[in-house]
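Let me begin by presenting the structure, written as structure tokens, before commenting on it.
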Number of protein chains: 2
Amino acid sequence: MSAGRPTISDVAAAAGVSKATVSRFFNHRERLLSPDIAARVQAAIDQLGYAPSPMAQALSRGRSRLIGLVVADIANPYSVAVLRGAERACREAGYLVMLFNLGNEPGREREAIEALAGYQVDGFILNTLGRGHSVPDAVAAQGKPVVLIDRRHTGMQTDFVALDNAGAMAQLCSHLQAGGWQELLYVTEPVAGVSTRRERTAAFGTCLQAPMAGSVFESAEGDDAALLAALAALRRRAGRKRRPAVVAGNAVVTLRVARAVRELGWQFGSDLGFAGFDDPDWAPLIGPGLTCIAQPTDAIGEGAARCLIERLQGHTGPARRVLLEGQLVVRGSSAPG
Amino acid sequence: MSAGRPTISDVAAAAGVSKATVSRFFNHRERLLSPDIAARVQAAIDQLGYAPSPMAQALSRGRSRLIGLVVADIANPYSVAVLRGAERACREAGYLVMLFNLGNEPGREREAIEALAGYQVDGFILNTLGRGHSVPDAVAAQGKPVVLIDRRHTGMQTDFVALDNAGAMAQLCSHLQAGGWQELLYVTEPVAGVSTRRERTAAFGTCLQAPMAGSVFESAEGDDAALLAALAALRRRAGRKRRPAVVAGNAVVTLRVARAVRELGWQFGSDLGFAGFDDPDWAPLIGPGLTCIAQPTDAIGEGAARCLIERLQGHTGPARRVLLEGQLVVRGSSAPG
DNA sequence: TTGTAAGCGTTATCAT
DNA sequence: ATGATAACGCTTACAA
């Protein structure tokens, strides 16, 4: 009766009622419990410091009020920022988030989904690596509602929340154009199989109306020499009449570009223009400050959580696509000249 | 028999054996199961795609193979880096980590610990805010093993893993001294009640043997004007014979100092020396590069996980203090002159 | 070596 | 309005 956490039986005994009554105290108090009994139960609960076991509840109810959140890489500030928004929204709706970090290791999605499913999560929020196709299968197997963040998967008709990539790219390019930066290089992590990267790259292509010209460079980790060469080529292409600028596909790329520029001894805003996706907190400190698209990460996370919770509350209907606008933060790296 | 996940009963039925036999297949296969029966069970498992429910197992066993990890702020790269190390070590030992993020909101520790305890976590790894004293109580109430990361709590006799703060501070100061930076300012987040900050501040004091001189400035969020004033005062104090340098207490402070220096129009490495705790990935990009102490975050997380798992495996004995060495990364901000 | 049955801490369906 | 009692999916004596 006393070792470990008190159970519903302990409370029932202490209050001199049945387990069912104690359970009702938590679940249907107003509707069907007499005030004096309720008071006795309350007293027993306080005295013992009782709290229901979520695990036992989940087992019995078949629902856990747990939401499974899979992130591609917890070390990536974007993932973390989104995670924060989602976690807060879930918590406010009475759900707890169970987190699974893929650590950027490919092929762990299935493991993640199954581990989470084992804990009877009621639904999934997925910010996956985006490659491979184990995700659709694994999710389908669970038959639980899902919302995708940032990266879509072919063959999955689920809710999807992300930045408006095309709109953000248009903002970046027209801003650069207005500043007189006409020879662009879009630097992205390897595109293959990742929807976000594909979309941004495609949007970059459509932004290249005359007088703008541009090309794309895929920057892989550790491949710094190639990036240096690409930047050198960019400036050569631009010559002395057209100003060269880099558009970075995300904060990881921004860091690589900043390192490269430093190594080349160039100055942002004069030797090379810059504007990129994501707005890391160190962006104002690099050279004259880096112009960036700040993603509404909180809203993305919150939107995803909302979508999922609506589904959990029975909302049915076609898969939704929620695209949120980025905010252009102008700094010296894109100064007109 | 078929809706939702298959259960142990489904497998038992399909294999024509009892539930107990299926259970034994997972838990005591070698010791007490005949090969042919094992094969039949295996076949049924494969056919149905069965996996045991961790929740039901936890309920039945009283142990969950879950470790509760509380982090002060998931947006803080230090927390995240430690988390990664801990998570990996736990996973390799067959434990899953259940994460609770305090989001830097004071007073949520108790909530966190109780929520985690509800899921029957076998033990806790705590990287808390460090203020208040709800933590010791809440933990004691659960009677489960605990290891503290980075911040200690008075009145808790538990394992503790952290950076060797005194050693790291000594490295920073003697490095600055060697470079001729003799007038120091230690900038820290508000010290009150946070053991790490207290220890580093104290260590700074003991480093100030002649010819070194120094003082301490507590920098609060949003209080930029005061920081600017403190830096100006530092340079004034130094005069023209002694070179002034800042020691930053962590990456958050480093960011603030970098912003302030930029605003003042100073140059790191000449107008102002710098060396700080934590080595964010943008440190090489600020001015001539910022000299930093890189914390062994992976090792800290892993060490904490190991400590806890040993306790879970029955290790008993006095509370341990594991202090790990930081690594000094020298860059231009502390250049001798 | 295998099966039976009683738990683990809840909720839900009956009665009363 | 309240109390038995059977689930929920699993483990573990105890029997056989």
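Order of the sequence lines fixes the chain letters, A, B, ..., with proteins taken first and strands second; residue numbering starts at 1 for each chain. This one's a predicted model, so the numbers in the text were calculated from it and none came from an experiment. Computed from heavy atoms alone, side chains included, the values below leave out hydrogens, waters and symmetry copies.
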Provide, to the nearest angstrom, the distance between the CZ atom belonging to Phe25(B) and the P atom belonging to dC10(D). 14 Å
Using whole Å, what does the distance between atom P of nucleotide dT11(D) and atom CZ of Arg29(B) come to? 13 Å
Is the phosphate of dT1(C), meaning OP1 or OP2, less than 4.0 Å from a side-chain N or O of Ser34(B)? no
Can you identify which nucleotide, out of dT10(C), dT2(C), dT2(D), has its nearest atom closest to the Tyr50(A) side chain? dT10(C)
Select from Arg61(B) and Arg63(A) the residue whose nearest nucleotide in DNA chain C is closer to the 5' end of that strand. Arg61(B)
Does the side chain of Tyr119(A) get closer than 4.0 angstrom to OP1 or OP2 of dG9(D) through an N or O atom? no
Phosphate OP1/OP2 of dG3(C): any Ser18(B) side-chain N/O under 4.0 Å: yes
dG7(C) P sits how many Å from Ile8(A) CD1, rounded? 18 Å
Closest heavy-atom pair, Val161(A) versus Cys307(A), reported as atoms and distance to 0.1 Å, is CG2-SG, 4.4 Å
Can you give me the closest heavy-atom contact between Ala117(A) and Gln142(A), atom names plus distance? CB-NE2, 3.1 Å
Heavy-atom side-chain proximity of Asn76(B) to Asn104(B) below 4.5 angstrom: no
The nucleotide from dC10(D), dG9(C), dT12(D) with an atom nearest the side chain of Lys19(B) is dC10(D)
Under the criterion ring-ring contact (aromatic ring centres under 6.0 Å, His included), I'd like the reasoning laid out for Tyr50(B) against Phe25(B): C-alpha separation, chi angles, the key distance, then a yes or no. CA-CA 12 Å; Tyr50(B) 169 78; Phe25(B) 177 86; 9.6 Å; no
Hey, which of these two, Pro35(B) or Ala56(A), hits DNA chain C nearer its 5' end, going by closest nucleotide? Pro35(B)
Min side-chain heavy-atom separation Arg88(A)-Asp298(A) under 4.5 Å: yes
Between Asn27(A) (CG) and dA12(C) (P), how many Å, whole number? 6 Å
Given atom CG of Asp36(B) and atom P of dT2(C), what is their separation to the nearest angstrom? 6 Å
Side chain of Leu33(A) only, heavy atoms from C-beta on: which candidate in dT11(C), dC10(D), dT2(D) is closest? dT2(D)
For dG9(D), does OP1 or OP2 lie under 4.0 Å from any side-chain N or O of Ser60(B)? no
Considering every strand and a 4.0 Å limit on heavy-atom distances, what is the contact class for Val22(B): base, sugar-phosphate, or nothing? nothing
Look at the side chain of Arg24(A) and decide which nucleotide, out of dT2(D), dG9(C), dT11(D), has an atom nearest to it. dT2(D)
By the 4.0 Å heavy-atom rule, please label Ala51(A) as base, sugar-phosphate, or nothing. sugar-phosphate
Closest approach of Leu312(B) and Pro145(B), non-hydrogen atoms and distance? CD2-CG, 3.5 Å
If only side-chain N and O atoms of Thr21(B) are considered, is one of them under 4.0 Å from the OP1 or OP2 phosphate oxygen of dG3(C)? yes
CZ of Arg5(A) versus P of dG9(C): gap in Å, rounded? 10 Å
Between His28(B) (NE2) and dC10(D) (C1'), how many Å, whole number? 12 Å
Identify which nucleotide among dG9(D), dT11(C), dA5(C) has an atom closest to any side-chain atom of Ala20(B), counting heavy atoms from C-beta outward. dA5(C)
To the nearest angstrom, how far is Leu59(A) atom CG from dG9(C) atom C1'? 9 Å
